[in-house]
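Please read the structure below before turning to the comments.
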Amino acid sequence: MKEKYGTWFKRIKFKEIDNLDLSTFSKLKKEKKIKSKDLRVMCSQMSILLDSGAGIDKILEVISEQQKKKFRDNLLLTVRNIKKGYSIENSFRSSDLFSEFFYNMIKCGENSGRLSNVLKDMSNYYERDYRVKSKLKSIMIYPAILLIMMIVALIFIMYAVIPNFALVFENNNIKLPLFSYLVITTMMFFKEYINILIPIIIIIISLLYIAIKSNENNIEKFDRIKSTFPILKNYYLMSVTAAFSRNMYLMLKSGIPLVEAIKISSDITGNVYIQKKLEISIRYINKGNSISKSIDLSGIFPEIFISMLKNGEESGNIEKSFQYINNFFENELDIMTDRIVRLIEPAMTIIMGLVIGALIIAIVMPMFDTITAI
């Protein structure tokens with residue numbers, strides 16, 4: 001009987017898994033990671049059941065039944081490896097469903113005997129992460145609706161309005177003003193060749209995406225643009241700072257060494273440019289330099305972050321300083337997010353009005369010119 005363990009495990013017999021080294025699992029499987037909204041529930045359940053005295057293998061068996069098929073088989077693989085005597089960390093790694101941050105937190109909880117407390121902290125972490133992501137998605141709903149409405153209106157005008165007026169102007173030999181001529185000609189061009197233009201645009205975007213994702217240098221350049229682009233820079237770096245400090249606080253609290261915590265936190269940002277900048281900080285810390293000075297040399301974080309970190313370092317409570325930094329920047333991020341929302345909504349409305357208004361003016365102008373000439 002064949003068991004399925006992700007895309008690459010479809011042809012591997014259940015008994016053959018016993019002979020595979022744990023390090024090969026990540027190479028064989030390319031499963032999607034479990035999302036924050038599911039991890040917050042999973043970690044909370046695991047913490048509660050561990051406190052009640054249940055074994056981790058039994059807990060994962062129960063939790064796996066609540067998961068989708070593609071995740072369930074991988075979690076059952078984790079259960080099998082725990083029963084075979086592997087560490088909890090390596091057993092979770094064999095599933096290839098979680099992040100490096102998750103594995104290291106499990107390792108700390110397992111080694112310290114505080115796995116339940118660590119899982120509780122992780123549940124709070126994923127709860128906050130999910131709340132931040134949900135808020136960002138929710139604030140984009142209204143602008144997205146306006147954008148869709150604008151596109152629908154443009155399509156309607158392009159197909160139902162412009163052709164009729166263009167025909168009237170042509171039949172009556174009405175000379176079009178330059179603005180009207182440019183607008184009507186452009187709309188007629190898009191109407192005529194839209195079936196060709198859309199696939200071309202999709203192909204170009206796809207090729208650009210592949211070109212960026214297939215080359216680490218291109219990824220780094222793209223990530224650098226995100227980190228330095230004038231309009232997005234402040235908001236993006238503030239969100240990175242909040243996430244970085246939150247990760248650092250949780251990992252240091254759980255007992256993960258500082259340098260390892262910085263490396264994992266930089267990886268979690270998902271930004272290659274920031275990761276390479278923080279490698280500079282790690283090198284300087286390893287040489288014996290202070291934490292605040294070393295992180296400042298990366299040139300990523302704002303001055304207030306460095307100042308707060310320096311104060312925490314001097315007081316000997318670096319862990320708490322990351323907690324204060326996280327609270328500060330998350331509050332600032334909430335304030336900035338609210339400001340952006342208040343700006344985006346009227347801005348999108350104005351843009352929509354200008355675009356539709358320009359089309360209407362382009363249509364009406366020739367008629368006014370004709371009436372005036374009469």
Side-chain angles (χ1 to χ4, degrees), residues 26 30 32-33 35-36 98-105 125 128-129 132-133 135-137 139-140 204-252 256-287 289-310 318 321-322 325-326 328-330 332-333 336-337 340:
S26 60
K30 298 292 180 184
K32 290 183 178 180
K33 307 297 182 184
K35 296 180 179 178
S36 295
F98 307 94
S99 65
E100 192 65 26
F101 165 77
F102 182 93
Y103 299 136
N104 278 275
M105 292 295 293
Y125 166 84
R128 182 173 291 185
D129 185 59
V132 170
K133 290 177 180 177
K135 185 172 183 178
L136 289 175
K137 289 178 182 178
I139 67 176
M140 294 307 296
I204 291 173
I205 293 173
S206 300
L207 290 174
L208 285 172
Y209 179 82
I210 292 169
I212 292 172
K213 291 295 181 181
S214 61
N215 187 293
E216 188 173 342
N217 289 331
N218 291 337
I219 294 174
E220 184 180 352
K221 289 176 183 176
F222 183 73
D223 286 343
R224 179 185 294 182
I225 291 171
K226 289 194 295 185
S227 305
T228 57
F229 193 73
I231 299 175
L232 301 174
K233 177 182 176 181
N234 290 340
Y235 186 83
Y236 181 75
L237 290 181
M238 187 173 289
S239 64
V240 167
T241 304
F244 179 82
S245 55
R246 182 169 66 246
N247 297 331
M248 288 295 297
Y249 165 66
L250 188 55
M251 283 187 284
L252 291 175
I256 295 177
L258 177 70
V259 171
E260 190 176 351
I262 293 175
K263 187 179 183 307
I264 295 169
S265 296
S266 68
D267 291 341
I268 292 173
T269 64
N271 188 304
V272 177
Y273 172 71
I274 291 176
Q275 289 171 16
K276 292 199 171 183
K277 285 287 188 180
L278 284 170
E279 286 175 4
I280 299 171
S281 302
I282 292 173
R283 286 199 298 270
Y284 273 86
I285 291 173
N286 287 331
K287 289 178 181 178
N289 291 285
S290 67
I291 301 166
S292 56
K293 181 181 178 181
S294 300
I295 291 181
D296 188 25
L297 289 170
S298 68
I300 296 296
F301 303 104
E303 284 297 323
I304 190 168
F305 173 92
I306 303 300
S307 298
M308 294 173 75
L309 186 59
K310 185 177 181 180
I318 193 74
S321 69
F322 276 113
I325 291 169
N326 172 241
F328 174 81
F329 278 97
E330 286 201 343
E332 291 296 308
L333 194 62
M336 186 177 285
T337 300
I340 291 173

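- Between Arg224 and Val272 the shortest side-chain heavy-atom distance does not fall below 4.5 Å.
- Expressed to the nearest 0.5 Å, how far NZ of Lys277 lies from OG of Ser266 amounts to 14.0 Å.
- With sequence neighbours left out, Asp129 forms a salt bridge (charged side-chain N to carboxylate O under 4.0 Å, His left out) with Lys133, Arg246.
- Taking a cutoff of 4.0 Å between a charged side-chain nitrogen and a carboxylate oxygen, Glu100 and Lys263 do not qualify as a salt bridge.
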Going through the checks in order, is the side-chain hydrogen bond (donor to acceptor under 3.5 Å, both in side chains) test met by Asn326 and Glu330? CA-CA 6 Å; Asn326 172 241; Glu330 286 201 343; 3.3 Å; yes
List the steps and the verdict of side-chain hydrogen bond (donor to acceptor under 3.5 Å, both in side chains) for Arg283 and Asn289. CA-CA 9 Å; Arg283 286 199 298 270; Asn289 291 285; over 6 Å; no
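- Considering every non-hydrogen atom in both Ser265 and Asn247, the closest pair reads OG-CB, 3.4 Å.
- Summarising the geometry, atom CZ belonging to Phe301 is positioned 8.5 Å from atom CG belonging to Leu237; distances are rounded to the nearest 0.5 Å.
- The line from CD1 of Ile282 to CD of Glu260 is 10.0 Å long, rounded to the nearest 0.5 Å.
- Smallest separation of non-hydrogen atoms from Ile219 and Ile212: CG1-O, 2.9 Å.
- Taking each heavy atom of Tyr284 and Ser294 in turn, the nearest pair found is CB-OG, 3.4 Å.
- Judged purely by atom type and a 3.5 angstrom limit, Tyr103 uses its side chain to pair as donor or acceptor with the backbone of Phe98.
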Assess the residue pair Tyr249 and Ser321 against the criterion (side-chain hydrogen bond (donor to acceptor under 3.5 Å, both in side chains)); give the C-alpha distance rounded to whole Å, side-chain angles, the decisive distance to 0.1 Å, and a yes or no. CA-CA 8 Å; Tyr249 165 66; Ser321 69; over 6 Å; no
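- Here the OG-CD1 distance, from Ser298 to Ile280, works out to 7.5 Å after rounding to the nearest 0.5 Å.
- Note that OG1 of Thr241 and CD1 of Ile306 are 9.0 Å apart. Values are rounded to the nearest 0.5 Å.
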Set out, in order, the CA-CA distance, both residues' side-chain angles and the distance that settles side-chain contact (heavy atoms from CB on, under 4.5 Å) for Ile300 and Tyr273, then state yes or no. CA-CA 10 Å; Ile300 296 296; Tyr273 172 71; 4.1 Å; yes
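- Heavy atoms from other residues, nucleotides or ligands lying under 6.0 Å from OH of Tyr235 number more than 12.
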Step-by-step side-chain contact (heavy atoms from CB on, under 4.5 Å) determination, Met308 to Phe328: CA-CA 10 Å; Met308 294 173 75; Phe328 174 81; 4.1 Å; yes
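- Shortest non-hydrogen contact noted between Leu250 and Met105 is CG-CE, 3.6 Å.
- Pairing each heavy atom of Ser292 with each of Leu309, the nearest pair is CA-CD2, 3.9 Å.
- Within a 6.0 Å sphere centred on OH of Tyr236, heavy atoms belonging to other residues, nucleotides or ligands number more than 12.
- Interatomic distance, Met251 CE to Asn104 CG, rounded to the nearest 0.5 Å: 7.5 Å.
- Using the six-membered ring where Trp is involved, Tyr125 and Phe101 have ring planes that are tilted, between 30° and 60° apart.
- Residues Leu252 and Ala261 share a closest heavy-atom pair of CD2-CB, 4.4 Å.
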Let's go through Ile291 and Leu258 carefully: what are the C-alpha distance in whole Å and the side-chain angles of both, what is the deciding distance for side-chain contact (heavy atoms from CB on, under 4.5 Å) to 0.1 Å, and is it a yes or a no? CA-CA 9 Å; Ile291 301 166; Leu258 177 70; 3.2 Å; yes
Report the C-alpha distance between Asp223 and Ile274 in whole Å, list the side-chain angles of each, state the deciding distance to 0.1 Å, and finish with yes or no for side-chain contact (heavy atoms from CB on, under 4.5 Å). CA-CA 8 Å; Asp223 286 343; Ile274 291 176; over 6 Å; no
